[in-house]
Amino acid sequence: MSIEGPQANLVYSAGQAADGLTQLRETHDHTGFHLLMALRRDDPPGYQEIPAGARAPVLAGALAHVQWLNDFGYLDPGGSYVGPAGAALLEAGNPARQYLVELLGDHSPAPLRGSEEAIMAKMFGYRRCDFAYRFLTLLTGQDLPFAPEPARRDELVTALRK
């Protein structure tokens with residue numbers, strides 16, 4: 001798993017992991033994203049101790065705030081990919097829904113890094129609401145194809161909100 005950002009290669013000791021669990025229980029926003037993903041990777045039992053209701057705002061907050069969304073996956077009419085952060089968001093289940101619904105109105109760009117991923121993000125004009133829509137539909141058991149046209153994606157978001 002790749003975690004983007006300055007904490008990508010950090011390894012946490014057991015003591016740091018315990019401190020991290022405390023921090024994540026107290027602060028439920030995007031600032032705990034890298035720590036949460038590192039715990040998921042390096043200390044699955046510790047990660048599972050964090051309730052889904054505490055993980056969901058951290059993960060959805062990251063979807064709204066991180067610079068590059070590679071960890072969430074990519075969207076493609078030929079088949080989309082759910083990255084490790086996207087999988088963690090889906091694992092959070094129902095508690096993630098309210099945060100994802102809030103993101104349906106976020107039309108800000110959702111850039112990806114890397115040659116192929118960056119080209120796809122630019123070509124399709126990825127927006128954060130597109131990822132929120134994708135994860136909401138997956139949470140309802142629907143694996144819908146990605147619509148390449150932003151206007152069509154807006155129609156789908158509007159229909160989902162009703």
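Without hydrogens or angle criteria, His34 side chain to Gly32 main chain gives no donor-acceptor distance under 3.5 Å. Looking at Asn70, its side chain does come within 3.5 Å of a backbone N or O of Arg113 through a donor-acceptor pair. Checked by atom type and distance alone, the side chain of Arg128 never pairs as donor or acceptor with a backbone atom of His107 at under 3.5 Å.
Remark: Glu116 CD is loosely packed, at most 12 non-hydrogen atoms of other residues, nucleotides or ligands lying under 6.0 Å away.
Put simply, CG on Leu69 and CG on Leu112 are 6.5 Å apart, with the number rounded to the nearest 0.5 Å. Atom OG1 of Thr158 is separated from atom OH of Tyr133 by 10.5 Å, given to the nearest 0.5 angstrom. Once rounded to the nearest 0.5 Å, the distance linking CD of Gln98 with CG of Leu136 reads 11.5 Å. Between Leu75 atom CG and Arg127 atom CZ the span is 10.5 Å, to the nearest 0.5 Å.
Contact between Gly53 and Pro57 at its shortest, heavy atoms only, is O-CD, 3.1 Å. Scanning all heavy atoms of the two residues, the minimum distance from Phe72 to Leu59 falls at CZ-O, 3.5 Å. Smallest separation of non-hydrogen atoms from Arg55 and Ile50: NH1-O, 2.6 Å. Between Ala121 and Ala110, the closest heavy-atom pair is CB-O, 4.1 Å. Of all heavy-atom pairs between Ala132 and Leu103, the closest is CB-CB, 3.6 Å. Smallest separation of non-hydrogen atoms from Val82 and Phe135: CG1-CE2, 4.1 Å.
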*Worked verdict on Leu160 versus Val101 for side chain to side chain contact (heavy atoms under 4.5 Å, CB included)*: CA-CA 9 Å; Leu160 181 67; Val101 167; over 6 Å; no
_Before you tell me yes or no, could you show the steps for Met120 and Tyr126 under side chain to side chain contact (heavy atoms under 4.5 Å, CB included), namely the whole-Å CA-CA distance, both residues' side-chain angles and the distance that decides it to 0.1 Å?_
CA-CA 8 Å; Met120 287 184 353; Tyr126 288 175; 3.4 Å; yes
*Apply salt bridge (Lys or Arg N to Asp or Glu O under 4.0 Å) to Arg134 and Asp143, showing your working.*
CA-CA 8 Å; Arg134 169 80 174 146; Asp143 189 0; 2.7 Å; yes
*Kindly determine whether His65 and Thr31 satisfy side chain to side chain contact (heavy atoms under 4.5 Å, CB included), including the steps that lead there.*
CA-CA 9 Å; His65 290 97; Thr31 60; over 6 Å; no
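Contact check for Pro77 versus Pro145: no side-chain heavy atoms found under the 4.5 Å cut-off. With a 4.5 Å cut-off on side-chain heavy atoms, Arg161 and Leu104 count as touching. Leu63 has its side chain within reach of Leu100: a pair of non-hydrogen atoms, C-beta onward, lies under 4.5 Å apart.
In the hydrophobic clustering of ILVMFWY residues, with side-chain heavy atoms under 4.5 Å counting as a link, Tyr74 and Ile119 come out apart.
The cationic group of Arg152 does not satisfy the cation-pi geometry with Phe146, failing either the under 6.0 Å distance to the six-membered ring centre or the 45° limit from the ring axis.
Screening residues 78-87 for side chain to side chain donor-acceptor pair (under 3.5 Å), with sequence neighbours left out, gives no hits. Evaluation of the salt bridge (charged side-chain N to carboxylate O under 4.0 Å, His left out) test over residues 74-103, restricted to residues two or more places apart or in two chains, returns Arg40-Glu91.
Residues meeting the ring pair (Phe, Tyr, Trp, His ring centres under 6.0 Å) test with Tyr99, sequence neighbours left out: none.
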